[in-house]
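We name chains A, B, ... by the order of the sequence lines, and we start the count at 1 in each one.
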Number of protein chains: 2
Amino acid sequence: MSENTGNTRARIQSVALELFTEQGYEKTSLREIAERLGVTKAALYYHFKSKDDIVNSFVEDRLDRLDGLIKMGAEPPVDVAARRRELLSRYADEFFGSTGHSVMRFFDQNQTVLKSLPAGQMMRERLLQLATVLAWPQDSPTAQLRATLALFAVHSSWFAIRSPEITDAQRRELALEIAHELLDRIDGTP
Amino acid sequence: MSENTGNTRARIQSVALELFTEQGYEKTSLREIAERLGVTKAALYYHFKSKDDIVNSFVEDRLDRLDGLIKMGAEPPVDVAARRRELLSRYADEFFGSTGHSVMRFFDQNQTVLKSLPAGQMMRERLLQLATVLAWPQDSPTAQLRATLALFAVHSSWFAIRSPEITDAQRRELALEIAHELLDRIDGTP
DNA sequence: GTCTATATAAAGATAGAC
DNA sequence: GTCTATCTTTATATAGAC
């Protein structure tokens with residue numbers, strides 16, 4: 001009947017993710033995470049071998065899922081435009097999915113610091129690849145910009161839509177609506 | 001004939017801005033800045049009273065300039081669509097202007113950490129206001145998202161266009177082209 | 001699995017000489 | 001205006017008891 005056996009690891013991840021996202025990775029100390037959980041720093045080191053290791057723990061799963069998308073994007077498409085829409089729609093699923101949401105926000109908020117962590121470098125690389133399968137290097141500069149903005153439509157729907165009564169599902173739909181407009185113009189206006 | 005009299009302050013700003021942008025504010029120590037300049041930390045404290053004070057020093061000028069834009073956006077426009085284009089075009093001028101460029105990139109890269117600095121809060125507030133004069137709260141959620149993406153088109157043209165031979169002036173033009181498309185649709189598709 | 005206690009390193013910041 | 005030297009605080013991380 002003991003309340004927290006085995007799930008401490010998950011609770012650490014949850015609190016760390018929240019604080020890292022809210023205040024930044026560097027600004028959040030292990031002491032602060034430990035206090036929030038009512039344990040000591042030493043307890044954290046039982047579950048994770050270092051501070052970056054906490055980041056690694058929630059990155060691996062995301063990498064695999066993004067790799068799936070990129071692989072799909074690399075295969076020759078029957079219909080280029082439809083493929084782009086499908087990629088972005090699936091990306092939105094990832095982004096708005098249960099765990100994906102908070103992890104991706106964490107990346108948005110800690111881009112710069114994450115450049116120096118291996119886990120962060122991997123994620124950056126994946127997002128770049130994703131942008132690349134949406135608009136290839138041989139496409140025009142405008143096409144590249146449109147593709148990046150389509151991805152960012154998904155990301156920014158989180159904070160750019162300030163109407164508080166909007167649900168996550170609605171944000172996803174609105175983001176995709178605009179993202180699709182952008183994508184469809186990639187070949188549309190040469 | 002002494003080489004560096006009086007301009008040390010400016011050299012500190014320049015190096016700090018570069019390192020803060022590249023590695024993040026928290027990850028960059030005063031020791032590192034000092035070493036890069038060939039001086040000691042104590043010298044830094046002669047010119048700036050604290051680490052955040054360095055940030056303040058390059059923020060104030062930007063704030064004034066953004067305030068000018070916001071004020072212009074708050075006045076009743078003759079033609080709403082033309083006003084939006086004008087605002088964004090001026091914003092692009094700021095962004096691609098000599099000093100503006102690097103300072104705005106610094107903000108992009110340090111959003112999260114800057115939440116805890118007064119200077120950062122001010123800048124966030126201004127960018128939010130700018131988004132708000134582009135699409136008002138009574139506009140649709142889609143309009144809000146389009147407005148934010150238009151701003152981001154300017155920001156992301158910096159890294160999203162990966163063709164290396166493109167000049168800054170061209171990036172500005174391409175960004176505005178897409179930004180204007182987005183803005184024009186704010187009232188266009190209800 | 002969690003604790004106390006501590007090692008170690010590095011940060012921001014200041015005092016006072018030159 | 002820049003230096004040396006130092007203070008103070010805080011961080012990540014570890015050792016070993018319970």
Worksheet entry | Beyond-backbone contact of Val59(B) with Phe107(B), side-chain heavy atoms, under 4.5 angstrom | yes
Item to complete: State, with a plain yes or no, whether a side-chain heavy atom of Leu66(A) is found less than 4.5 Å away from one of Gln129(A).
Response: no
Fill in: Distance, rounded to the nearest Å, where Lys41(A) contributes NZ and dA15(D) contributes P
15 Å
Practice prompt. Starting from C1' on dA13(C), measure out to CD1 on Ile33(B) and report it in whole angstrom.
Written response: 14 Å
Item to complete: Consider the side chain of Leu30(B), meaning its heavy atoms from C-beta on, and name the nucleotide among dC3(D), dA15(D), dG12(C) that approaches it most closely.
Response: dG12(C)
Item to complete: Using a 4.0 Å heavy-atom cut-off across all strands, classify Ser29(B) as base, sugar-phosphate, or nothing.
Response: sugar-phosphate
Worksheet item: Could you give the CG-to-P distance, from Leu44(B) to dT4(D), as a whole number of Å?
Response: 14 Å
Worksheet item: To the nearest angstrom, how far is Ile54(A) atom CD1 from dA13(D) atom C1'?
Response: 12 Å
Item to complete: Determine, step by step, whether Val113(A) and Glu26(B) satisfy the side chain to side chain contact (heavy atoms under 4.5 Å, CB included) criterion, reporting the C-alpha distance in whole Å, the side-chain angles of both residues, the deciding distance to 0.1 Å, and the verdict.
Response: CA-CA 8 Å; Val113(A) 175; Glu26(B) 292 279 347; 5.8 Å; no
Discussion item. Below 4.0 angstrom, which residues in residues 14-28 of chain B have at least one non-hydrogen atom near DNA chain D?
Written reply: none
Worksheet item: So Glu35(B) and Arg31(B), salt bridge (charged side-chain N to carboxylate O under 4.0 Å, His left out) or not? Walk me through it.
Response: CA-CA 6 Å; Glu35(B) 274 174 9; Arg31(B) 176 191 52 73; 3.4 Å; yes
Worksheet item: Side chains of Ser156(A) and Leu149(B): does their closest heavy-atom pair fall under 4.5 Å?
Response: yes
Fill in: d(CZ, Arg9(A); C1', dT2(C)) in whole Å
17 Å
Worksheet item: Can you check whether His180(A) reaches Arg84(A) side chain to side chain, under 4.5 Å on heavy atoms?
Response: no
Discussion item. Does Lys51(B) qualify as a cation-pi partner of Tyr25(B), given the criterion of NZ or CZ under 6.0 Å from the six-membered ring centre and within 45 degrees of its axis?
Written reply: yes
Worksheet item: Taking five pairs at each end, how big is the angle between the two axes of the helix from dG1(C)-dC18(D) to dC18(C)-dG1(D), to 10°?
Response: 10°
Worksheet item: Between Asn7(A) (CG) and dT2(C) (C1'), how many Å, whole number?
Response: 14 Å
Discussion item. Closest approach to the side chain of Thr40(A), judged atom by atom: which nucleotide of dT4(C), dA15(C), dA13(C) is it?
Written reply: dT4(C)
Worksheet item: Going by heavy atoms closer than 4.0 Å, what residues in residues 45-52 of chain A are next to DNA chain C?
Response: Tyr46(A), His47(A)
Worksheet item: Looking at side-chain heavy atoms only, is the closest gap between Arg9(A) and Ser57(A) below 4.5 Å?
Response: yes
Worksheet entry | Side chain to side chain, Arg62(A) and Met123(A), heavy atoms closer than 4.5 Å | yes
Discussion item. Just so I know, are the side chains of Tyr91(A) and Phe96(A) near enough to count as touching, which here means a heavy-atom distance under 4.5 Å?
Written reply: no
Fill in: Whole-Å distance separating the CZ atom of Arg31(B) from the C1' atom of dA13(C)
15 Å
Worksheet item: Hey, which of Gln109(B), Gln111(B), Glu22(B), Gln23(B) is the one that makes side-chain hydrogen bond (donor to acceptor under 3.5 Å, both in side chains) with Thr112(A)?
Response: Gln109(B)
